[in-house]
Amino acid sequence: MKTQVIVTDPDHPGPAEIARGVEVLAGGGLTAFAAETVYGLGAQAFDPAAVAAIFAAKGRPAVNPLIVHVGDIGQARICASEWPDEADRLARALWPGPLTLVLPRSSMIPDLITAGGSTVGLRVPASPVALALIRGLGSPIAAPSANRSNHLSPTRAEHVVADLDGQIDLVIDSGPTAIGLESTVLDLTTTPYRILRPGPILIQDLETILGPGNVVQDALAGSTGILKSPGSLAVHYAPRSPAFRASTRAEVDRAIGLEGVVVVAIGGHAGLDLSRSPRHILESPDEAARGLYDLMRRCDLMEPRAIVVLMPPDEPRWRAVRDRLARATCPLAEWPGSGD
Ligand code: TXA
Ligand code: MG
């Protein structure tokens, strides 16, 4: 298969590019497009064969369910068998936006999307390209992140091409995504409501709407516990090179300057001297969200012996970035090369 790449404006997508995307989707094909979070790999949600093609292209295990992207609350209600008041209040306040709601599925949703389960993840994405595609198709779009399974999510069209060239029909390139990290996934089928994947919408944003104490979130990756969202498996969102995380300056000091080691500092680590290593710093939570996956992919291309990440502080505003870093890395103490 030849993958076609077309370029369009992120804020005012061209009618011709959207029409081409809709044509591919309506014909049962796969179109990659920018959500506000990361690039998604879209297929018409009500077409089981098209949905099956997503799993094949990504090499994604069938046990990992897909998010269904809808244009508005009305479309969401067609996909869910129940629409509780909590869903309505969250959707009115935070959609379009980076919040996925897990609800009981309706009979419209193919089994493959839910991985055979009784729930479905729904959201209205905020990017004009995504909304125009849903509107043009006139029905929901199932879309996981447009990367090979277990690799880093794509935040640029080049990342999609690097992972999926020849496996999908179309990439609509509208430049880097606005946020850079995947949506927050909130399970509304259990009480208290549970954050299955931390993301741009924080627990305090949800508590403002659902009430304090009504939302829980799991400990970060690496700690034990039953994982309800397959995307929360520890090895996920990972670069190809061996990657390690350090929590303290002293730890990372030992890695700085070692042959073949790339050091990445996330968060404000004032005074850290990276002059003896390739220098990669992402200062604020927003900057880190936008730049993290691209930085990790660029580090990978250097084919380093190891990537060593100095973690940002353990604060609520850093939670989603810390979560993705914890999944992408092992503790530095586990690095066999750290003693030399
Ligand atoms: O920002 C995003 O959410 C992007 C863009 C494209 O919208 N999509 C995305 O999809 O990150 P994906 O498939 O890479 O991650 C979806 C996550 C996975 O962790 C999956 O296990 C979880 O959502 N998920 C989807 N449906 C679920 C369900 N019914 N129950 C529990 N978890 C679910
Ligand atoms: Mg993904």
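Any value given below was found using the heavy atoms of this structure, including those in side chains, with hydrogens, waters and symmetry copies removed. Each residue takes its place number in the sequence, starting with 1. In each ligand, atom 1 is the first atom listed, and ligand 1 is the first ligand listed.
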Go through the side-chain N and O atoms of [X] and [Y] and say whether any donor and acceptor fall under 3.5 Å apart.
X      : Y      : value
Ser284 : Arg317 : no
Asp294 : His159 : yes
Ser183 : Thr37  : no

State which residues pass ring pair (Phe, Tyr, Trp, His ring centres under 6.0 Å) with Phe244; sequence neighbours excluded, sorted by chain then number.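 Applying ring pair (Phe, Tyr, Trp, His ring centres under 6.0 Å) to Phe244 gives Trp335.
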
Just which atoms of ligand 1 are under 4.0 Å from any heavy atom in [X]?
X      : value
Val120 : 29 (N)
Val185 : 23 (O)
Gly121 : 26 (N), 29 (N)
Val38  : 4 (C)
Leu196 : 31 (C), 32 (N)
Pro65  : 20 (C), 21 (O), 24 (N), 25 (C), 26 (N), 27 (C), 28 (C), 33 (C)

Between Arg89 and Asp85, does any NZ, NE, NH1 or NH2 come within less than 4.0 Å of an OD or OE carboxylate oxygen?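 Yes, Asp85 and Arg89 are salt-bridged.
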
Does a salt bridge link Asp323 with Arg319, judged by any charged N lying under 4.0 Å from a carboxylate O?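 No, no charged N to carboxylate O under 4.0 Å.
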
Please state which option from Arg105, Glu36, Arg197, Arg60 has its nearest heavy atom closest to atom 11 (O) of ligand 1.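 Going through Arg105, Glu36, Arg197, Arg60 one by one, Arg197 has the nearest heavy atom to atom 11 (O) of ligand 1.
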
Option nearest atom 8 (N) of ligand 1 (shortest heavy-atom distance, choices Ser183, Ser127, Ala143):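 Residue with the shortest heavy-atom distance to the ligand atom: Ala143.
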
How does [X] reach ligand 1, if at all, at less than 4.0 Å between non-hydrogen atoms: by side chain, backbone, both, or neither?
X      : answer
Thr119 : both
Asn64  : side chain
Asp187 : neither

Nearest 0.5 angstrom please: Trp95 CH2 to Leu122 CG, how far?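 Between atom CH2 of Trp95 and atom CG of Leu122 there are 5.5 Å.
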
Here's a test for you: under salt bridge (charged side-chain N to carboxylate O under 4.0 Å, His left out), which of Lys58, Arg60, Arg148, Arg297 qualifies with Asp163?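 Result: among Lys58, Arg60, Arg148, Arg297, Arg297 is the only option passing the salt bridge (charged side-chain N to carboxylate O under 4.0 Å, His left out) with Asp163.
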
So is [X] polar-close to ligand 1, meaning N/O to N/O under 3.5 Å?
X      : answer
Arg123 : yes
His69  : yes
Lys58  : no

For the side chain of Arg322 and the backbone of Pro312, is there at least one donor-acceptor N/O pair under 3.5 Å apart?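 Pair found, side chain donor or acceptor close to backbone of Pro312.
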
Do any of the N, O or S atoms of Ser145 sit under 2.8 Å from the Mg ion (ligand 2)?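 Yes - counting backbone and side chain alike, Ser145 has an N, O or S atom under 2.8 Å.
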
Can you give each donor-acceptor pair under 3.5 Å made by side-chain atoms of residues 20-28, sequence neighbours left out, with the distance rounded to 0.1 Å?
{"unit_1": "Arg20", "atom_1": "NE", "unit_2": "Gln4", "atom_2": "OE1", "d": "2.8"}
{"unit_1": "Arg20", "atom_1": "NH1", "unit_2": "Glu23", "atom_2": "OE1", "d": "2.8"}
{"unit_1": "Arg20", "atom_1": "NH2", "unit_2": "Gln4", "atom_2": "OE1", "d": "3.3"}

